[in-house]
> 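Next up is a structure, given as structure tokens.
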Amino acid sequence: MPELPEVHTTVKGLKKFIIGKTIKSVWSDFHIGAKYNNKENIKNESYLKKFKELVEGTRIKSAERIGKNILIHLNNKHSIIIHMKMTGNLVYDKEVKFVHLKFTLSNNKKLILSDMRKFASITISPTIELQNHERISKLGVDALDPKLTSKKFFECLYNKRGPIKSVLMDQESIAGLGNIYTDEILWESGVHPLSHPDKIPETKYKEIFKVMKKILHFSIKQGGDSKSDYRNIFGEKGNFQNFHKVYGRKSKKCPKRGCSGIIKRQTIGGRSAHFCPKHQIMYK
DNA sequence: ACTAGCCCCTGGGAGC
DNA sequence: TGCTCCCAGGGGCTAG
């Protein structure tokens, strides 16, 4: 379940090892992009053919992250867009299971997309049209965009409908947060996940914003979260799962100092939310 | 236009 | 030990 820190960690690795390399060849078994039978995706044989034609022989210029998406910019004015969804991993020059896409690079090393559940999506777009691409254009401001101020953060969220947990996870409000980080952020901010966005005071949004940045930066320092399947490009685990305060800690004691609450798990917006019913205040 | 809920997958864990 | 069932959750899609 790669979220912002995990995608960030992967892209950091890509930047270090694949920039400047030429992609000699592309291989895929078609068994990926489970959701995208009728869309532009390499599960479709003719799309893979087109993808290969565009990609083979080009040089990798740069890599970046937007929300949970990985962009790999090529020197032929095209960019590969990868979303790892739940169990996708990009690994460099390493034997792994569940290989569905393989790039052989000019140094004869391989960049591999491994994905147990085959949900990952890979597509390609002219670089100049990226901003209008359906996968990119709808995204809200990136959670770690330096231009995202506390005030902007508040303005992006307070008038949205639905529980704050779902609004934070909605990539169209703020891009990059998923289930684990929203649980952790709301726990530390002391905000109940079912709170109504328009009832949370602006000062509280300031705190959520601060906590969000702190937790995301901390997780990046830890190499991301590997409670589930995430691995960096060397196939190594991150450490953030060892610092979870609420996620995956149902029925355990709330770790906040002086709080005697018991962590509760409840489905919110179709996802399992973990929170402390005692110190996380419900604004409604 | 909006939204709740289903679905794409498969490994791992719980329960029997 | 081995079988069955349920769960993980990003996000596209569809029915209401």
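The chains referred to below are lettered A, B, ... by the order of the sequence lines, with proteins before strands, and numbering in each begins at 1.
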> Quickly work out the R135(A) CZ to dG12(C) P distance and round it to whole Å.
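Roughly 7 Å, once rounded to whole Å.
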> Atom NE2 of H274(A) to atom C1' of dC7(C): distance rounded to whole Å?
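One finds 11 Å between C1' of dC7(C) and NE2 of H274(A), rounded.
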> Cut-off 3.5 Å, side chains only: do H100(A) and D115(A) have a donor facing an acceptor?
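No, no side-chain donor-acceptor pair sits under 3.5 Å.
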> Nearest to the side chain of F119(A) - dG11(B), dG11(C), dC9(B)?
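The nucleotide sitting nearest to the side chain is dC9(B).
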> Give me each pair satisfying salt bridge (charged side-chain N to carboxylate O under 4.0 Å, His left out) with a member in residues 215-240 of chain A, each pair once, sequence neighbours excluded.
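For residues 215-240 of chain A: none.
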> For K109(A), which residues count as a salt bridge (charged side-chain N to carboxylate O under 4.0 Å, His left out) partner, sequence neighbours excluded?
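Counting only residues at least two positions away or on another chain, K109(A) forms a salt bridge (charged side-chain N to carboxylate O under 4.0 Å, His left out) with D93(A).
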> Measure the distance from CD1 on I136(A) to P on dG12(C) and round it to the nearest whole Å.
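That distance rounds to 11 Å.
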> What interatomic distance, in whole Å, is found between P of dC7(C) and the corresponding atom of dG5(B)?
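Going atom to atom, P in each nucleotide, I get 16 Å.
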> Atom CZ of R271(A) to atom P of dT3(B): distance rounded to whole Å?
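To the nearest whole Å, that distance equals 16 Å.
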> Once you apply a heavy-atom cut-off of 4.0 Å, does M169(A) come out as touching a base, just sugar-phosphate, or nothing?
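Sugar-phosphate contact only.
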> Tell me the interatomic distance from Q266(A), atom CD, to dC7(C), atom P, rounded to whole angstroms.
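Atom-to-atom, Q266(A) to dC7(C), this comes out as 15 Å.
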> Got a list of side-chain donor-acceptor pairs under 3.5 Å for residues 9-19 of chain A, not counting sequence neighbours?
unit_1 : atom_1 : unit_2  : atom_2 : d
T9(A)  : OG1    : P5(A)   : O      : 2.6
T10(A) : OG1    : E6(A)   : O      : 3.3
T10(A) : OG1    : Y230(A) : OH     : 2.9

> Specify the separation, in whole Å, of atom CD1 of I268(A) and atom P of dA4(B).
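Result: 13 Å.
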> For DNA chain B, which consecutive runs of 3 or more Watson-Crick or G-U pairs (each distance under 3.5 Å) count as stems?
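As far as DNA chain B goes, consecutive pairing (with distances under 3.5 Å) yields the stems B:2-8 with C:10-16, B:10-16 with C:2-8.
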> Indicate, yes or no, whether a donor-acceptor pair under 3.5 Å links the base of dG10(C) to the side chain of R117(A).
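It does not, because no donor-acceptor pair links the side chain of R117(A) to the base of dG10(C) below 3.5 Å.
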> Kindly assign one of parallel, tilted or perpendicular to the pair F51(A) and F103(A), based on the angle between their ring planes and the thresholds 30° and 60°.
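Rings of F51(A) and F103(A): tilted, as their planes differ by 30° to 60°.
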> Applying salt bridge (charged side-chain N to carboxylate O under 4.0 Å, His left out), can you list everything that pairs with K165(A), at least two apart in sequence or on another chain?
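If we apply the salt bridge (charged side-chain N to carboxylate O under 4.0 Å, His left out) test to K165(A), skipping adjacent residues, the hits are D183(A).
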> In whole angstroms, how far is the P atom of dC9(B) from the CG atom of D29(A)?
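Atom CG in D29(A) sits about 13 Å away from atom P in dC9(B).
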> Between K138(A) and dG11(C), is there a side-chain N or O to OP1/OP2 distance below 4.0 Å?
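K138(A) to dG11(C) OP1/OP2: no side-chain N or O under 4.0 Å.
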> Could you work out which one of dC7(C), dC9(B), dT10(B) sits closest to the side chain of M116(A)?
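Of the candidates, dT10(B) comes closest.
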> For the pair made of NZ in K85(A) and P in dC7(B), what is the distance, rounded to whole Å?
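Result: 17 Å.
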> Is any side-chain N or O of Q171(A) closer than 4.0 Å to OP1 or OP2 of dG10(C)?
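Checking Q171(A) against dG10(C): no side-chain N or O falls below 4.0 Å of OP1 or OP2.
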> For the side chain of R161(A), starting at C-beta, report the closest nucleotide among dA8(C), dC9(B), dT3(B).
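Looking only at side-chain atoms, R161(A) lies closest to dT3(B).
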> For dT10(B), take OP1 and OP2 only and decide whether either is under 4.0 Å from a side-chain N or O of K118(A).
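Yes, within the criterion.
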> Which nucleotide wins on minimum distance to the side chain of H83(A), given the candidates dG11(C), dC9(B), dT10(B)?
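From the listed options, dG11(C) comes nearest.
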> Can you tell me, in whole Å, how much space there is between the P of dC6(B) and that of dC6(C)?
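The answer is 14 Å between these two P atoms.
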> State which residues pass salt bridge (charged side-chain N to carboxylate O under 4.0 Å, His left out) with K24(A); sequence neighbours excluded, sorted by chain then number.
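K24(A) satisfies salt bridge (charged side-chain N to carboxylate O under 4.0 Å, His left out) with no residue once adjacent residues are dropped.
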> How far, in whole Å, is dC13(C) from dC9(B) if one measures between their P atoms?
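The same atom, P, in both gives a distance of 14 Å.
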> Among Q171(A), K68(A), R65(A), find the residue that satisfies the side-chain hydrogen bond (donor to acceptor under 3.5 Å, both in side chains) test when tested with D142(A).
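Between D142(A) and the candidates, side-chain hydrogen bond (donor to acceptor under 3.5 Å, both in side chains) is satisfied uniquely by R65(A).
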> When all nucleic acid strands are considered with a 4.0 Å heavy-atom cut-off, which category describes T87(A): base, sugar-phosphate, or nothing?
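Touches nothing.
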